[in-house]
J.: 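This is the structure I want to talk about, given as structure tokens.
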Amino acid sequence: MHKKVEGTYGLKQKMLEGHNKKQIEALTHLNGPAMILSGPGSGKTEVVACRYLYLVRSKKMRPEEVLVLTLGPRAAFEIKNRICALSGSDYSGDNDFGSSVNIDTFQTICCRILREEAQKLGFGRNFIVYGEEDRFGLIRSILKEFKIHEALFRGIASRISNLKAEMIGHEEFLGKGGGFGFEEKLAKVYMRYQTELRKNNCLDHDDLVMYTVNLFQEHKSILSKWQNRVSQIMVDDFQDINPAQYSFVRLLGKESGNVFITADDDQGIFGFKGSKVEHISRFKEDFNNISVIHFEQSYRCTPCILNAAGAVIEGSPGRYKKKLKSERKSIKRKPQYFCGGTEADEASYIAQTVRELFLRGSYAYKDFGLLYRMSAQLRPIEKALRDEGIPYYVHAVCPLYLKSEVKDAIAYAKVVMNPNDSLSLGRIINSPSRGIGETTLTKTIDNARKDGVSLFEAFRKTSSSKKSQSKVKKLLDLIIRTGKSYNDAGKVIDVMLNKTGYMKWLSEEKEPDVRIKNINRLIEEASGRNLYEFLDHVSLFCECNEVKNADAVSLMTVYEAQGLEFPVVYMAGLEEGLLPHSHAPEQDNGKGIEEERRLLYVGMTRAKDVLYLTGAAKRRFYTRVQMQKPSRFLQDLSEDLCCTVKHASSANGSADLHTPPKQEKKTGDQMPFSVGVRVKHITWGNGVVRDLAGQGDSAKVTVNFPSVGVKCLSLKFANLEVI
DNA sequence: CAGTACGAAGTTTTT
DNA sequence: CTTCGTACTG
């Protein structure tokens, strides 16, 4: 397994050099609980990655013994990446760690555990994990059945999720009784929701953790089995874990005590999903002899950015005081605040300054991170970027999975894996048309409820007199047969869609080419994976990491940006009602505003070199245009911490940045090049035009050549060729 | 039962 | 301004 013994020494050297004393203390920490209290950019992800390698390479632990838990899939991905970079191995394929790595989100790890232990909980091993859409769909149908106003569905969905995060099961909640009005309805829906999931042999995301904890609590033998399998636990971003996740860590790690956590109470931003910063102090009480290590050196932000962010977070009560230091003194750019007239002005300011900075040559597009509070802010920004011709990538649910034909395909796969998944069966029972309309479907669902069987069974029971029923029967048989014959997810989808005539039907719909291409992309992604492996991936990690290498600006919510960093960051929408959000005060017993403050802090501290804060005076929400006041948090930023710019081109307070943009699209007719055009140079090869200046003989062109970097050339002599 | 047309409602934030 | 759900007609 370990290829070279001599590599171990070299690796250790490599890990130790370039790290400060605290970091080395942390990454070589071996036994007993440890807590890293760190500020942003202090290298905690790096230390988690290094310690992993330290344990596996130097201490010869098996990779599967070391459990690394993260909140989001991106953080897990980031850690794996870092380990690859450090060890020189490639994680994407099978390497010397093999598939035995346990670096993943809580949900994914719990899902893996439950795949082994599901029977103990009364679930079949072939359970399906419901994603958000399935969850909402199921709750919606229950509301309809109970004749509860559908508008309540959002509140009910989030309450159910919160209850599970607090480990309050449906029976316990109902047992508490005493509920009137909403609470009573909630209890009723929760009850039905859970029994329905169980009947369908399905779990939602919150179930994964809750049931795993239940399992550990109720079956000591199973707990000790997993305790024995895991000798080291690391948890990243501990400030953001919820009670169920805390219980999981505690149960699994209390006995050995080998729990290593990283936390920053200033970055707790997930209160709305039941996370509690208090788990940090709870950890201190529950575990004995903790080594507490403070990381106060910031390697990411410049002092200017750190000071501004510090001023924002300082107002927050009850936090551990930290004194963060930054060594990056060479760049002295203060953050800038710009307030546009409308959200469109704000967006075009962003797009224009991105372009300007890009043309200057020191930053590639992928060095920019555009962050916002909520996804509604995305559209105007996207539009402005498109208008400027700036490539961008939105970090969100993979658009492929939103396509209806892809959802259908996945539903087919789910039904094959678990015929009792009534929601998925309901989705595909009539596409392509098998003569099962609305009425038949609801009638069959009713029958299924009455008889206490799944939809699959109910369809099977109906007498096969009519033509439609023979079609349905054929489908049901095919589902069973396919499940027995194939394990490969791609093959299953392929077989199902072809044998059911779905592909034929699709080819007669409108836009058949695109949609068939979408299906083929899905099949490609599914191929070579187990059915359950693929479906788990789809419902636990809905993002595609396509075009990873493309040079594009990143767009995402601040929540998604946690743990990431960018040389240039924009925080958009710094307005009352947006950040802090208007719903914030109701949240978390009035502590909601503080969470918004931390949100801004997280956003600001993603920036390495340059930080822009933006907002708008007027913003249209859905149909209404609203006057917006600047965010209250801006008051914490005095002029010496952050300068205010009025308009994109008339920035005077920041001469170091805003040498006014010279060329305003005056594409002189003798200028054969324009920004963004690919050109070929005789010695430097291919490049992209970034800037143009001057006319005629003195015309100059700035080109970025991937091999040699940014060059400014005189057009007269350069002999460039457009390609 | 399927397809179309019109009306309504809806935007925090995530695994 | 969308998307989604319902109602009506063929």
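Note that the structure is predicted; figures quoted are calculated from it, not measured.
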J.: Can you find a side chain N or O atom of A/S539 that sits less than 4.0 Å from OP1 or OP2 on B/dT15?
T.: no

J.: In this structure, how many angstroms lie between the P atom of B/dT11 and the CD atom of A/E575, rounded?
T.: 20 Å

J.: Given the P atoms of C/dC4 and B/dT13, what is the spacing between them in whole Å?
T.: 16 Å

J.: What's A/T108 touching, base or sugar-phosphate or nothing? Going by heavy atoms closer than 4.0 Å.
T.: nothing

J.: Where each residue is assigned the nucleotide of DNA chain B containing its nearest heavy atom, which of A/H583 and A/L441 is assigned the position nearer the 5′ end?
T.: A/L441

J.: So which of A/Y130, A/F153, A/Y193 actually passes ring-ring contact (aromatic ring centres under 6.0 Å, His included) with A/F136?
T.: A/F153

J.: On DNA chain C, check which nucleotide each of A/R620 and A/E150 is closest to and give me the residue with the more 5' one.
T.: A/R620

J.: Ring-plane angle category for A/Y612 and A/Y570, please: parallel below 30°, perpendicular beyond 60°, tilted otherwise.
T.: parallel

J.: If you find the nucleotide of DNA chain C closest to A/E438 and the one closest to A/R379, which residue's nucleotide is nearer the 5' end?
T.: A/R379

J.: Would you mind classifying the nucleic acid contact of A/L578 as base, sugar-phosphate or nothing, using non-hydrogen atoms under 4.0 angstrom?
T.: nothing

J.: Atom CG of A/L579 to atom P of B/dT13: distance rounded to whole Å?
T.: 13 Å

J.: Measuring from the side chain of A/R154 (C-beta onward, heavy atoms only), which nucleotide among B/dT11, B/dT14, B/dC1 has the closest atom?
T.: B/dT11

J.: As a test of reading the structure: which of C/dT6, B/dT11, B/dT15 is closest to the side chain of A/A376, going by heavy atoms?
T.: B/dT11

J.: Angle between ring planes, A/F127 versus A/F123, binned at 30° and 60°: parallel, tilted or perpendicular?
T.: perpendicular

J.: Rounded to the nearest angstrom, tell me the gap between atom CD1 in A/I160 and atom P in B/dT15.
T.: 20 Å

J.: To the nearest Å, give me how far apart NZ (A/K407) and P (C/dC4) are.
T.: 7 Å

J.: Compare side-chain N and O positions of A/N430 against OP1 and OP2 of B/dA2 and report whether any pair is under 4.0 Å apart.
T.: yes

J.: Regarding A/T70 and A/D236, do their side chains bring together a donor and an acceptor under 3.5 Å, going by distance alone?
T.: no

J.: Rounded to the nearest angstrom, tell me the gap between atom CZ in A/F270 and atom P in B/dT13.
T.: 12 Å

J.: Do we count A/F621 as stacking onto B/dT11 if the rule is ring centres under 5.5 Å and planes under 30°?
T.: no

J.: Between A/Y246 and A/F283, is the ring centre distance below 6.0 Å?
T.: no

J.: Considering only C/dT6, B/dT14, B/dT11, which nucleotide approaches the side chain of A/K144 most closely?
T.: C/dT6

J.: Just call it for A/E132: base, sugar-phosphate, or nothing, with non-hydrogen atoms closer than 4.0 Å on any strand.
T.: base

J.: Considering only B/dC1, B/dT13, B/dT15, which nucleotide approaches the side chain of A/T440 most closely?
T.: B/dC1

J.: Give the rounded distance in Å between these two atoms: CD1 of A/I269 and P of B/dT13.
T.: 13 Å

J.: Please confirm whether the shortest side-chain N or O distance from A/S433 to OP1 or OP2 of B/dA2 is below 4.0 Å.
T.: yes

J.: Strictly below 4.0 Å: does A/T557 bring a side-chain N or O up to OP1 or OP2 of B/dT14?
T.: yes

J.: Consider only side-chain N and O atoms of A/Q245 and A/D240, and report whether a donor and an acceptor are under 3.5 Å apart.
T.: no

J.: Is the shortest side-chain N/O distance from A/S161 to OP1 or OP2 of B/dT15 below 4.0 Å?
T.: no

J.: What is the separation between atom NE2 on A/H149 and atom P on B/dA8, rounded to the nearest whole Å?
T.: 13 Å

J.: A/D421 vs A/D134, test: side-chain contact (heavy atoms from CB on, under 4.5 Å). Steps then yes/no.
T.: CA-CA 10 Å; A/D421 178 355; A/D134 301 317; over 6 Å; no

J.: Without decimals, in angstroms, what is the distance between A/D204 CG and B/dT14 P?
T.: 17 Å

J.: Using only side-chain N and O atoms of A/R624, determine if any of them is under 4.0 Å from OP1 or OP2 of C/dC1.
T.: no

J.: Of the nucleotides B/dT11, B/dT13, B/dT15, which one has an atom closest to the side chain of A/D206?
T.: B/dT15

J.: Between A/A151 and A/Y559, which is nearer to the 5' end of DNA chain B once each is assigned its nearest nucleotide?
T.: A/A151

